[in-house]
Amino acid sequence: MRRPLASLLLICVLLPAGCAPARSGSLGPAPTAAPPTSAPATPTPTADVATSPPAPATSGAAPASPVPPPVGGDPAPAGTITVELWFVRDGRLAPTRRTRPSTPATSRLALAELADGPTGAEAATGLSTLLSAGAEPVGVAGGVATVRLPSTAGDLATRRLRQAQVVWTLTQFPTVRRVRFDPPAEPADGPVDRTDYAGLLPPIVVTGPAIGQRIGSPLTVAGTADVFEATVSVRLLDADGREIATTFTTATCGTGCRGDYRVALAWRVAREQRGTVEVYEVSAQDGSRVNAVKVPVTLVPTGR
């Protein structure tokens, strides 16, 4: 029996999402949920809890997974941890990664690395930091990290970028979902998360490979993007600036929403040399490369 049109319209009205297709964006890999109790015996880093002043207990908190290198990159040596750090470039957030000796105080390590600022190679790509020394992780409870900032200098835009660096860096750890600032973040007066600073991301974010990383073929380039028709283009340049590989992919969302992208790039060089991974959008107006992000790397011949 054919259902009357009026009944179908009533069903669409009553359903929570109506009958329209869902459309969602992405802010990149979210902090992972707690792993099962059968997790590997080797402990992995978690966000630390300050012992002075005392913080509420966080027993059962999930250990964080170190940030993995992209396919084609060197694995982190044993006894080390790789952390993702969010710096500032052209008034927007931009990530990089560093490998440091393992420590249980990972949030303290991450804040100290942010305050130290970019390395020479990172600064050459335009990265800088707005966080000064003295940022203190007070404690973590219920997925909320409390952080005391040493300075609230600057206008509102500067303060938000400084807060965003902290939030996006600390929420890589599964024990931290939100951050409460002391003094409170503006204009919010409670805990904040990545969504509060999503507007500070550039059109294209490259989370892998990292600046200065040694890479072999094939290389996986990954990140997030909000670009025209979700199309993300990638090319690899050798030490002389010659294009030795190129490809493109589509993000999971685009043209008004942010999606994840991930694409493999195969290439060959005869000797170890400097190179550049360039991720960009092709302009719909004139076909030029726009919103480009350039990541300097070291190219390693296949088999080495």
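Numbering of residues begins at 1 and proceeds along the displayed sequence.
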Residues Glu84, Arg97; criterion salt bridge (charged side-chain N to carboxylate O under 4.0 Å, His left out); working and verdict: CA-CA 4 Å; Glu84 190 171 75; Arg97 294 197 309 272; 5.4 Å; no
Stepwise side-chain contact (heavy atoms from CB on, under 4.5 Å) test for Asp182 and Val147: CA-CA 6 Å; Asp182 178 16; Val147 176; over 6 Å; no
Evaluation steps, side-chain contact (heavy atoms from CB on, under 4.5 Å), between Glu281 and Arg289: CA-CA 6 Å; Glu281 174 186 4; Arg289 290 187 292 273; over 6 Å; no
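Using modelled atom types and a 3.5 Å distance limit, the side chains of Thr224 and Arg258 yield a donor-acceptor pair. The closest side-chain donor-acceptor pair between Thr125 and Arg89 falls under 3.5 angstrom. Under 3.5 Å, the side chains of Arg194 and Thr171 contain a donor-acceptor pair of N or O atoms. Judged by distance alone, the side chains of Thr250 and Thr231 never bring a donor and an acceptor atom under 3.5 Å apart. Side chains of Thr129 and Gln165: a donor on one and an acceptor on the other come within 3.5 Å.
Under the 4.5 Å side-chain criterion, counting only non-hydrogen atoms from C-beta, Val206 is in contact with Tyr261. In this structure, Asp196 and Val167 have side chains that are not in contact, with every pair of non-hydrogen atoms separated by 4.5 Å or more. Side-chain contact between Leu149 and Val166 is present, with heavy atoms from C-beta onward closer than 4.5 Å. Looking at Leu219 and Val277, their side chains come closer than 4.5 Å, going by heavy atoms from C-beta outward. Taking 4.5 Å as the limit, some side-chain heavy atom of Arg98 sits within range of a side-chain heavy atom of Leu85. Val263 is not listed as a side-chain neighbour of Phe248, based on a closest heavy-atom distance of 4.5 Å or more. Within the 4.5 Å cutoff, the side chain of Leu237 has heavy atoms near those of the Glu278 side chain.
Under a hydrophobic clustering in which Ile, Leu, Val, Met, Phe, Trp and Tyr are joined whenever their side-chain heavy atoms come within less than 4.5 Å, directly or via other members, Leu201 and Tyr280 fall into different clusters.
Nearest heavy atoms, Leu131 versus Arg162: CD1-CG, 3.9 Å. Closest non-hydrogen pair, Arg262 versus Ala222, comes out as NH1-CB, 3.9 Å.
Around atom CG of Asp240, more than 12 heavy atoms belonging to other residues, nucleotides or ligands sit under 6.0 Å away.
Here the rule is side chain to side chain contact (heavy atoms under 4.5 Å, CB included) with Thr247, and of Leu236, Val221, Val232, Val234 only Val234 fits it.
Here the CH2 atom belonging to Trp267 is positioned 6.0 Å from the OG atom belonging to Ser217, to the nearest 0.5 angstrom.
Side-chain N or O atoms of Thr252 include one that pairs as donor or acceptor with a backbone N or O of Asp260 at under 3.5 Å.
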